[in-house]
Structure formats: C-alpha cells, structure tokens
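Model, not experiment: these values are computed from the prediction.
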Amino acid sequence: MEVKLWNDKCEREMYDNFAELYAIVKATERLEKAYVRDIITPEDYELDCQKLIAHFKTLASTLRGIVPSIEHFEQTYNMDCPAAINRLVVSGVPATVEHRAAAAAAVSTSAAIVAECVQNFITAMDSLKLNMVAVDQVHPLLSDLYGSLNKLSILPHDFEGKTKMKEWIGRLSKMGAADELIEQQARQLHFDLESSYNSFMAALPNAAS
C-alpha cells in the first residue's frame, strides 16, 4: 500500500525544504570535520562554507514560521551535528574568517598597548625634567608604566624596562609620600627611563617578526 508523505503541494514543498535543510546541516558538519582534520585547504573550506551558510540563511528565512529552532530540528531528526550548528547558527561565518578577525583584534590591541607604553614613558621622563620629584608624583607614573609594559605580551618576561621599573617602585614604596628624590636619584631614574624606552623601541620590530 502506497503511503503518501504529503496531502497537497504546500506540504510537499515543506518536506522538500526539510530535506534541503537536512542536507545543508549534514554537509556543513562534514566540511567542518574535514577542515579540522586538514583534509581540505583553508581556501576551499572557506569557499564551500560561505556557500553553505548563504544557502542555510536563505532556507532558514523561508522556514522561519515552520522551523523556529534549527537546534530543535537537529534533535527531532537525530542528526548529531554540533559543529554544523555552531558554524551555521552561532558563528555565521567560516572558521577561517573567525581566525583572521581574532588575529586582527590581537594586533589592534597590541598597537593600543604600545601607544600607551610610549605615552607613559614620555610622561614619566617629562615629569622629571619639570622637577616633579616627590614620591607621590613619581610613584603613580612608574606604576602606570610598569602596568602597561606587563600588558604587552610580546615583551619578554625579563625585559629591562619591567625589571628597572619594578626596582624603582620598590624603592619609592619604602619612602614617604612627601619625600623627594635627590638630584642623583632623579638623574639615575631619568637615565633608566630613557635606556628602557630605547630598549622598548628596539624590541618592537623583533617582537613583531
């Protein structure tokens, strides 16, 4: 006895769309696994993934009133496609695009921190030139500089500027807020700042490479 899967043209179209959605999700799952296992090149992966995502978005929009949740659709048909759901529903872009965006964000963040370090170096050196040598004037500037240097991951742990600023902060912490650096101390601190700044600027091209 023949079993009809649909009663009219609308139902037939609905089931055709279900079949297409099922195929897209399954294909995306296989593509994600192929990319992770390095079976496909990043270029081919990205091209195929973008096509699948575009088809998925178009079909999902068509089925919005019938399939409000793709996750529920996956569970209903026992598809077990977590990578596909993540790519199609959560991310919406190929993994290669995500990686490029993350790398660009990291570069942008590093550039901002570098600018912050440069500003803190110059501020500290200019303050000493203006004879701002009281502990409660110098200590915050060195603390800001030390903090910004520590935020820059491209610098080595034993970078000269970090070591010297930490030593100076330790010395200042043992003094009173109203105490002032004597001329010899102020000159030495300025020399250490200038030396550290030059080392910092020299380290940037090497770190970037």
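- Evaluation of the side chain to side chain contact (heavy atoms under 4.5 Å, CB included) rule for Ser69 yields Glu71, His72 as partners, not counting sequence neighbours.
- Using a 4.5 Å cut-off on side-chain heavy atoms (C-beta onward), Asn198 and Glu194 make contact.
- Proximity of Leu193 to Met165: side-chain heavy atoms (C-beta onward) are separated by under 4.5 Å at one or more points.
- Hydrophobic clustering, with ILVMFWY side chains joined whenever heavy atoms are under 4.5 angstrom apart, groups Leu128 together with Ile122.
- Residue pairs meeting the salt bridge (Lys or Arg N to Asp or Glu O under 4.0 Å) criterion with at least one partner in residues 167-179, sequence neighbours excluded, do not occur; the list is empty.
- To the nearest 0.5 angstrom, Arg187 atom CZ is 11.5 Å from Ile182 atom CD1.
- Residues Val36 and Tyr45 do not share a hydrophobic cluster, clusters being chains of Ile/Leu/Val/Met/Phe/Trp/Tyr side chains in contact below 4.5 Å.
- Qualifying salt bridge (Lys or Arg N to Asp or Glu O under 4.0 Å) partners for Glu32, counting only residues two or more places apart in sequence or in other chains: Arg87.
- Hydrophobic clustering (side-chain heavy atoms under 4.5 Å, transitive across Ile, Leu, Val, Met, Phe, Trp, Tyr) groups Ile113 together with Leu145.
- Looking only at side-chain heavy atoms (C-beta outward), Ile53 and Pro94 come within less than 4.5 Å of each other.
- Nearest approach of Leu63 to Leu21, heavy atoms of both residues: CD1-CD2, 4.1 Å.
- Heavy atoms only, all atoms of each residue included: Ala124 and Leu142 are closest at CB-CD2, 4.5 Å.
- Val138 is listed as a side-chain neighbour of Leu189, based on a closest heavy-atom distance under 4.5 Å.
- When only modelled atom types and interatomic distance are considered, Asp192 and Gln188 share a side-chain donor-acceptor pair under 3.5 Å.
- Taking OG1 from Thr163 and CG from Leu149, the interatomic distance works out to 10.0 Å, rounded to the nearest 0.5 Å.
- Residues that satisfy the side chain to side chain contact (heavy atoms under 4.5 Å, CB included) test with Val93, not counting sequence neighbours, are Ser91, Val97, Glu98.
- For Phe56, there are no ring pair (Phe, Tyr, Trp, His ring centres under 6.0 Å) partners two or more places apart in sequence or in a different chain.
- No continuous path of hydrophobic side-chain contacts links Leu152 to Leu141 [ILVMFWY only; heavy atoms under 4.5 Å].
- With sequence neighbours left out, the side chain to side chain contact (heavy atoms under 4.5 Å, CB included) criterion links Glu180 to Val133, Ala134.
- Remark: the backbone N or O of Tyr146 is paired with a side-chain donor or acceptor of Asn150 at under 3.5 angstrom.
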Decide yes or no on side chain to side chain contact (heavy atoms under 4.5 Å, CB included) for Cys49 and Leu31, but give the supporting numbers first.
CA-CA 7 Å; Cys49 192; Leu31 182 64; 3.8 Å; yes
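- Applying the side-chain hydrogen bond (donor to acceptor under 3.5 Å, both in side chains) test to every pair with at least one member in residues 113-134, sequence neighbours left out, gives these pairs: Glu116-Lys151, Asn120-Ser148.
- Ala186 and Leu181 make their closest contact through N-CB, 4.2 Å (heavy atoms, listed as atom of the first residue, atom of the second, distance).
- Applying the ring-ring contact (aromatic ring centres under 6.0 Å, His included) definition to pairs two or more places apart or across chains, none involves residues 176-195.
- Here the closest heavy-atom approach between residue Ser173 and residue His139 is recorded as OG-NE2, 3.4 Å.
- Every residue two or more places apart in sequence or in another chain that forms a salt bridge (Lys or Arg N to Asp or Glu O under 4.0 Å) with Glu160 is listed here: Lys164.
- The two residues Phe200 and Cys117 come nearest to each other via the heavy atoms CZ-CB, 3.6 Å.
- In terms of heavy atoms, Cys81 sits closest to Lys26 at SG-CD, 3.8 Å.
- By the side chain to side chain contact (heavy atoms under 4.5 Å, CB included) test, Pro42 pairs with Tyr35, Thr96, sequence neighbours left out.
- Residues Asp48 and Ile40 form a side-chain contact, since some pair of their non-hydrogen atoms from C-beta on lies under 4.5 Å apart.
- Take Lys162 and apply the salt bridge (Lys or Arg N to Asp or Glu O under 4.0 Å) test, not counting sequence neighbours, and it matches no residue.
- Annotation: ring pair (Phe, Tyr, Trp, His ring centres under 6.0 Å) contacts of Phe73 (sequence neighbours excluded): Phe18, Tyr77.
- When hydrophobic clusters are built by joining Ile, Leu, Val, Met, Phe, Trp and Tyr residues whose side-chain heavy atoms come closer than 4.5 Å, directly or via intermediates, Ile66 is grouped together with Val89.
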